[in-house]
Amino acid sequence: MSSWMAAADPLYAHGVSWAVLIILVIRLFIAFGVLMTAVIFMIWFERKTISDMQSRIGPERWGPFGLLQTVADGIKLIFKEDLIPAQADRFVFKLAPYLVVVPAFITFAIVPVGGTMTIAGHTVQLQVADPPMGILLMLAMSGISVYGVMLAGWSSGSKYPLISSVRASAQMISYEAALGMTIVTIVLATGSLNTHDIVTAQAHGIWHWNVIRLGIVPFVVFLIAITAELNRPPFDVVESESELVGGFATEYSSFRFAIFYLAEYINTITMSAIMVTLFFGGPAGWAPPIPHFKWVFPIIWFLLKTTIFAFSYVWFRASLPRFRYDQLMDLGWKRLIPLSLGWMLLVAGFLISRAWGFLMGALVLFAWFLLLRAFDLGATRAASDSSVLATVGERPIPGPVLRAMTDGEEQ
Amino acid sequence: MHSSLWLSALITVPLIGALLAALVRRHDRRSYTVAIVSAVLELALAIVVVVLYSAHVAGAQTFDFAGRWVVAAPFGLAYDVAVDGISLFLVALSAISLLLALWGAREQRREPSFVAWMLLLTSFTMGSFLAHDVLEFFIFFELTLIPCYFIISQWGGAQRSRAALKFFTYTFTGSASLFVGLLYLGFVHQHQAGGALTFAYGALSSTSMSHGTAVWLFVAFAVAFAVKSPIWPFHTWSPLTYAEAPTGGSVQLSAVLAKLGSYGLLRFAVGLFPLAFTTMRPILMTLAVIGILYGSALACVTPDLKRMVAYSSLAQMGFVTLGVMAGSKIAMTGAVLLMFNHGIITLGFFLIIGMIERRRLSYQIADLKGLQGPAPVLAALFTVTMMASIGLPGLSGFVSEYLILIGTFSVHAWWAVVAAVGVVLAALYLLWAYQRVFHGRSDGANSEISDASTKERWVLVPVVILIVALGVFPRPVLERITPSVQQLLTHVAPAGVSK
Amino acid sequence: MTVAIPQIHYLALAPVLILFGASLALLVASALTRAAMSTRLINGVTLLAALGALVSTFFQWSFVAHHGATTTVAHAIVLDGFSVVASGTIAVGLAMATLVAHDWSIRERLRGADYQILALASASGALIMTQANDLIVLFIGLEILSIGLYVLVVLDRHRATSAEAALKYFLLGGFASAIFIYGAALVYGATGSTNLTSIAYFLGSNVLVHPGLLYAGGAMLLVGFAFKVAAVPFHLWSPDVYEGAPTPVTGFMASIVKVGAFAGLVRVVLSALGTQLNTWRPILWVLIVLTTVVGASLGLVQRNVKRLLAYSSINHAGFILLGIWAGTSRGVGATIFYLMTYVPTVVASFAVVTLVGGVGDDMHAIEHYRGLARRQPWLGGALAVLLLSQLGAPFTSGFYAKFSVLASVVDAGSGVLALIALLAAAIAAVFYLRWILALYSDDDIEATRIEVPRATGLVIGLGVVITVLFGLWPGPLAALAQHATVLFTP
Amino acid sequence: MNVPAAWYLILAAVLFGVGSFGLLTRRSALIMFMCLELMLNAVNLTFVTFARTLGDIGGQATVFFVMVVAAAEVTVGLGIVVAVFRRRSSTSVDELSEMKG
Amino acid sequence: MIAIAYALPSILVFATSALLVLVGAVGVIVLKNPVHSALSLIMTLFGVAMAFVAQSADFLAAVQIIVYAGAIVVLFLFVIMFLGVDRREAVRVEPLVGQRAFAGVGVFITTAGIIALMARSHWVTGPPAVSSGGVAASTGSGNVRELGTAVFTTYLFAFEATAGLLIIAVVGAVLLARRERSVTPEEGLA
């Protein structure tokens with residue numbers, strides 16, 4: 001077991017000692033603390049940015065520039081009355097928020113925040129955990145996190161939250177495939193599932209960053225898919241105020257609502273960090289040769305890149321209109337999945353040899369062409385009469401009807 | 001013309017006739033013509049075969065070999081036909097029975113199918129009698145079930161579906177054991193002799209096996225034949241089936257198909273397992289005697305004519321079994337002769353009962369009274385048949401029963417003595433039945449029945465002729481049967497069977 | 001690091017590739033054409049694919065005859081006489097079923113290539129099963145076969161019972177799959193491999209002191225198969241599913257599943273676990289007795305012909321198991337011979353049932369057959385012949401099928417088992433005969449004349465011809481079946 | 001040192017038993033379905049345990065395929081459940097009244 | 001005693017995973033509400049994943065969570081919510097008297113039988129047990145590569161066939177999901 005752990009993290013190279021445990025705990029707390037602080041700032045940042053974009057002032061009363069606004073909101077929420085609807089499934093209702101927040105925290109654990117540093121003779125990775133299956137953990141956790149949303153909506157025993165739940169599950173499944181496929185592209189290029197390895201492989205300069213090395217496409221797909229996974233605008237049909245009141249969290253109040261809120265922002269930050277890790281070299285960047293403080297610069301690079309993505313999320317929210325539900329599904333199934341799949345094949349082809357790459361490219365283009373035609377036909381067919389049987393006649397069961405298979409929803 | 005072609009023609013002519021009859025349109029009378037033509041042709045062929053066979057009688061070769069045609073080697077299936085003194089007259093019986101049944105027991109309803117089934121049935125029974133290969137025999141034996149089933153279930157009486165079902169289930173069950181037995185025998189032979197799987201009669205009869213195996217195989221074979229024959233206690237299907245079947249069906253069942261059982265017993269059970277023959281003899285003879293007494297006793301009390309003939313058949317077939325199992329040449333010859341004779345007699349019975357039934361729509365003894373008055377010819381014909389069945393000297397029944405009893409007495413006296421009681425009982429129930437049906441004053445519908453028509457008389461004339469002829473002058477028949485029986489016994493003899 | 005991709009012998013995979021390729025081609029084509037493809041075209045392609053697969057089995061046969069049996073794709077797939085003949089049988093079954101489905105889909109106004117896509121894929125699953133040399137491959141083949149069928153059952157939405165039948169089929173089929181794969185896991189634990197050859201080699205070269213794990217695993221595998229072939233007491237799904245599914249689908253199911261599952265069973269029991277045959281025999285014995293007897297007895301009380309045929313097929317399954325019980329080369333030959341004769345017969349029988357079912361596919365009471373042979377002698381007569389063949393009447397192929405399995409059992413030393421099976425056949429004969437009797441009953445029921453479309457008529461005719469032809473002349477087919485078993489000589 | 005493989009195998013066997021018991025007794029199609037998943041998980045656990053004891057990666061590879069099969073079954077199975085439900089508005093197997101055992 | 005023979009952590013891991021697995025499994029079959037059953041199922045899945053990790057099948061553990069918990073159970077919940085069957089299931093319907101007891105006894109006997117048979121086998125009788133009898137080598141942590149190699153060599157055909165399986169499953173699901181539009185002739189082809 002220890003050899004396996006050593007392979008996972010150099011911290012265990014000399015066995016497990018008290019020092020190691022202490023380092024572990026400290027690492028954990030730092031990560032937690034940073035994350036919580038980041039959330040507070042993130043919320044403030046979002047509100048402030050959006051109000052700027054909308055020519056408003058935004059929070060300004062509490063603390064300098066209204067920095068403590070979030071804290072105040074949190075305190076307010078916690079002291080509100082905790083309501084549980086009579087129709088609710090009480091156990092699940094109480095459980096759901098935690099199902100949302102725990103995966104959010106766990107996912108962050110695999111993000112390499114910086115390089116390595118040496119403390120008391122132990123090599124410490126600036127990363128809470130570095131399991132060999134690193135990136136799969138992220139996929140697994142994003143798979144789990146939907147439960148919180150689904151169950152929250154369902155257990156409320158209320159209509160809109162339930163619709164929200166259904167939407168959430170469908171949306172999650174739809175985009176997870178594309179997400180997985182882009183990750184496969186990265187894994188193909190890196191040859192490892194480990195986030196640390198992924199980051200290391202990108203450390204040799206900007207041309208080695210996956211975003212460039214794999215072509216821009218996987219990054220774009222990943223960005224879209226992850227935004228959908230986060231239920232952030234413009235993919236926030238799950239909690240679209242104009243349709244579903246407050247979405248899955250409509251019936252929640254007080255502390256539980258705060259947890260949902262918290263989880264959403266943790267996820268936003270985490271996913272920004274993941275994106276940086278996967279496509280932008282993580283903590284990689286120029287570092288001045290300052291002894292003993294060399295480890296600081298990667299962290300700064302990392303924070304900088306992450307902030308850019310966090311900003312872009314805010315920017316999306318402020319500027320993009322929300323997708324309709326069917327558009328969302330179309331985008332997921334008909335565009336992103338074929339795109340990511342095709343691109344994966346392309347990358348795989350080029351990894352073998354250039355000839356294979358071009359061949360694969362031609363094949364993918366051809367398949368793409370066919371697929372587009374099929375989509376096109378499918379769309380027209382669903383809307384037109386041609387899907388109804390041309391034969392006019394009677395079919396005794398269950399009555400004089402014509403029959404046809406359509407892809408559309410029931411009237 | 002090679003003799004095997006004559007034999008094959010015996011099988012194919014009715015088959016072709018059946019196909020032609022089935023192909024004509026519904027309600028078409030032509031089918032009947034087709035059927036009669038094929039039946040006549042069949043009878044002619046049978047006579048040709050009998051005549052041709054006579055040429056062999058002097059010679060040592062009794063089996064008429066014709067060469068094997070292997071149909072499917074992996075299954076050991078071959079087509080091989082032959083005839084000897086034992087099967088010769090059964091072939092003739094089938095042909096006669098077909099013609100008379102078609103002629104005398106005509107079914108107007110859905111005639112094409114009826115005659116087709118009858119012809120098909122004859123084709124299959126011919127095949128069974130002519131088969132010189134155990135598997136081939138089994139296939140024909142099995143095939144006879146299908147026409148029988150349809151004849152009974154479509155043209156039978158009120159309880160026809162039950163009767164057909166009972167008949168089918170019983171006989172199929174019997175065949176099952178026969179099939180397993182013959183497969184086993186085939187494999188024993190194959191493992192012994194090597195080479196391909198074969199079921200040739202000659203090859204199989206030389207298979208050596210332990211006594212225990214022989215007994216089990218004998219039982220497996222005998223069960224099938226006992227059901228078909230029928231031998232007590234495997235007979236329970238027969239009264240119901242005979243009674244419910246249409247006249248034509250009853251005729252074929254009792255005159256021909258029953259013989260298939262006793263023929264199989266003689267040819268295959270005895271011929272293939274001489275070792276077991278010795279062991280099983282007392283048991284089967286006992287069953288036969290019980291059958292004779294039981295059949296006779298029930299014939300006394302049964303309230304309808306058809307059942308009475310059915311029980312009387314049980315008794316008569318008991319005699320046949322007794323003769324077959326007695327193991328003496330005389331008894332065996334008598335048994336073979338009785339098969340033929342009983343066929344003719346029971347043919348007569350069922351035809352006459354059919355005629356009565358057609359007039360009175362009933363064959364319950366209670367419904368019938370004093371038929372002698374209005375229908376003297378019918379009564380006379382019945383009397384002849386009855387007398388033959390009782391075993392009156394000068395008529396055919398006497399010769400065969402006499403031979404059986406004598407032959408049995410010489411080796412197993414007690415069985416013969418008890419069996420002889422059956423003869424007495426036969427006289428009792430037949431005469432009593434005759435008295436109730438034909439004597440007395442006819443009343444009501446009974447007094448208005450018409451006598452036998454010209455056609456009906458002509459149908460029964462051959463029956464009467466055969467009864468009388470075989471009673472008076474059985475020698476030509478006996479001298480064809482005896483050599484074959486002798487040959488069979490020679491094969492069985494080393495196993496310690498007394499002559 | 002380089003990975004040595006295993007050699008692939010494409011001829012061995014040809015039938016699977018052809019069928020699955022055709023399925024995909026239809027799928028893609030139906031997505032890419034604006035106007036709905038004509039039924040004729042779709043079925044033509046399907047038929048061509050089936051015939052192509054059949055032809056490819058001829059080439060396979062000549063390969064096997066010249067070079068002997070071989071394995072390919074890292075020993076996951078085997079090409080031997082047995083698989084070739086089984087594949088050919090499946091191809092024939094598929095071709096016949098396709099012709100029936102053609103007329104049926106026109107009658108029921110079903111458009112599109114749904115049926116054909118699924119049927120082709122399903123059949124390719126069955127082909128994989130016949131060739132599988134690895135428990136996992138077998139399992140996946142089984143699943144491809146089953147999943148296609150689950151959907152096929154529910155294809156016609158207007159049938160009230162279809163969806164429920166599909167659900168029942170699915171749940172019990174899934175149960176069977178789970179049991180099967182658990183058995184595979186235990187066998188893997190016991191022998192260290194899922195590859196059938198490796199298992200056989202391991203068992204052949206080692207004496208297991210404690211074979212409990214193997215026994216448990218083998219028993220589970222057996223139960224899984226018993227579910228698939230509807231052996232009693234694992235048959236409960238079968239009548240409902242047969243009744244609920246659209247009739248052509250039932251015919252397809254009855255033929256293809258049997259071949260696939262029995263081929264797999266033969267491989268597992270006789271090829272991999274052949275050394276343990278004496279352990280399985282008692283279980284098989286009980287299974288056979290129950291299957292034949294219960295199948296036949298319960299068939300007696302059915303008034304619906306599809307249920308009746310379901311019990312009939314249960315009874316047949318018992319008979320096919322006989323060949324496996326024998327475990328000899330003769331037994332395997334008998335099994336494959338049985339399947340070869342059974343497939344055309346059963347597909348043709350269901351073709352007649354499809355026709356009689358009428359529009360809506362719901363006239364399946366035995367009363368609907370009254371007098372059929374009087375009104376339409378050819379159709380009724382054909383059905384009668386097919387039923388007689390299922391009954392095992394002489395001069396039909398069914399007789400030799402029963403003959404050969406029984407012979408193999410008697411040869412292997414159990415006359416009792418053969419006797420019991422035959423008695424069950426006697427019981428089963430009753431319901432076939434009753435049906436035939438209904439065909440020939442002369443109650444003048446006014447019924448509309450049943451139109452016999454050309455393709456279906458062809459299938460029925462073909463079924464009858466095959467039945468009668470091989471009933472009169474079974475030699476070549478039997479020899480083929482026997483040659484096919486070279487690999488299985490114990 | 002790890003716990004003996006037997007412990008895990010027993011765990012798997014019990015899991016399999018619980019799953020099949022549920023499948024046989026529950027009447028809701030969806031729950032029967034979940035029981036199917038339990039059974040397949042037991043199979044996976046068995047495979048992984050044997051893979052460990054045999055030192056053979058093949059067992060783990062097999063688990064992979066079992067998972068794929070489970071996924072495929074779920075896809076089709078839920079489709080069927082939905083199809084049934086559209087007709088009946090119930091997924092209780094006993095209410096499938098048109099079927100007789 | 002046991003703790004001496006086997007390291008305590010591994011026992012703890014086993015106990016935890018066994019607890020998760022069994023409690024979850026029992027939950028699936030006793031809970032009335034399908035949603036609760038599904039939650040219970042997730043618990044079992046996590047237990048199994050944990051058992052995988054304990055037996056150095058990390059990759060499979062991750063796949064287990066992603067595929068089962070992340071997709072399959074979500075699909076279950078989706079269908080439950082979509083159809084709204086959660087609060088209507090009549091679990092008490094018992095078709096045959098004593099079926100439950102019968103199934104219980106049958107399953108118990110089978111399971112006990114399997115366990116007993118396996119116990120008699122000393123659990124493993126594969127090649128290591130026969131040839132060397134020694135402790136099998138651990139597959140170690142880098143088993144993703146080994147696993148991938150196995151999938152593309154030994155199990156290549158199974159892998160390719162899996163693709164076929166998935167295609168047919170997808171096609172099947174799509175066909176099942178399609179609705180049949182019935183149009184009366186009077187309505188026209190609306």
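So that the names make sense, note that chain A is the first sequence line, chain B the second, and so on, each numbered from 1. Since the structure is predicted, the reported quantities are computational estimates derived from the model, not experimental observations.
For D/A13, the parts sitting under 4.5 Å from any heavy atom of chain C are the backbone and the side chain alike. With a threshold of 4.5 angstrom between heavy atoms, C/I136 approaches chain D through side-chain atoms but not through N, CA, C or O. For a residue to count as touching a neighbouring chain, one of its non-hydrogen atoms must lie under 4.5 Å from one of that chain's; by this rule C/S177 touches chain D with the side chain only. At a 4.5 Å heavy-atom cutoff, the contact between C/I179 and chain D is made by backbone and side-chain atoms alike. When heavy atoms are compared at a cutoff of 4.5 Å, C/L186 approaches chain D by way of both its backbone and its side chain. Heavy atoms of D/S20 lying under 4.5 Å from chain C belong to its backbone as well as its side chain. Heavy atoms of D/F65 lying under 4.5 Å from chain C belong exclusively to its side chain.
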Name every donor-acceptor pair, under 3.5 Å, that has one atom in a side chain of residues 74-85 of chain D and the other anywhere in the protein, sequence neighbours excluded.
{"from": "D/T75", "atom 1": "OG1", "to": "D/A71", "atom 2": "O", "distance (Å)": "2.6"}

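Here the closest non-hydrogen pair linking C/H364 and C/G357 is CE1-CA, 3.6 Å.
Of the listed residues (D/T49, D/V69, D/L40), the one with the most heavy-atom contacts under 4.5 Å to chain C is D/V69. Top candidate by heavy-atom pairs under 4.5 Å with chain D, chosen from C/L135, C/I181, C/V154, C/I140, is C/I181. Put simply, of D/G19, D/G59, D/G58, the one with the most heavy-atom pairs under 4.5 Å next to chain C is D/G59.
There is no side-chain donor-acceptor pair under 3.5 Å between C/N133 and C/T71.
Remark: C/Y182 engages D/F16 in a ring-ring contact (aromatic ring centres under 6.0 Å, His included) (not counting sequence neighbours).
Ring geometry for C/Y150 against C/F170 counts as perpendicular: the plane angle is over 60°, on a 0 to 90° scale with 30° as the lower cut.
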Inset, instruction - Applying salt bridge (charged side-chain N to carboxylate O under 4.0 Å, His left out), run through C/E243 and C/K306 and close with a yes or a no. - result: CA-CA 5 Å; C/E243 187 187 357; C/K306 282 171 84 179; over 6 Å; no
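Under the ring-ring contact (aromatic ring centres under 6.0 Å, His included) test applied with C/F227, the options C/F180, C/W237, C/F175 reduce to a single match, C/F175.
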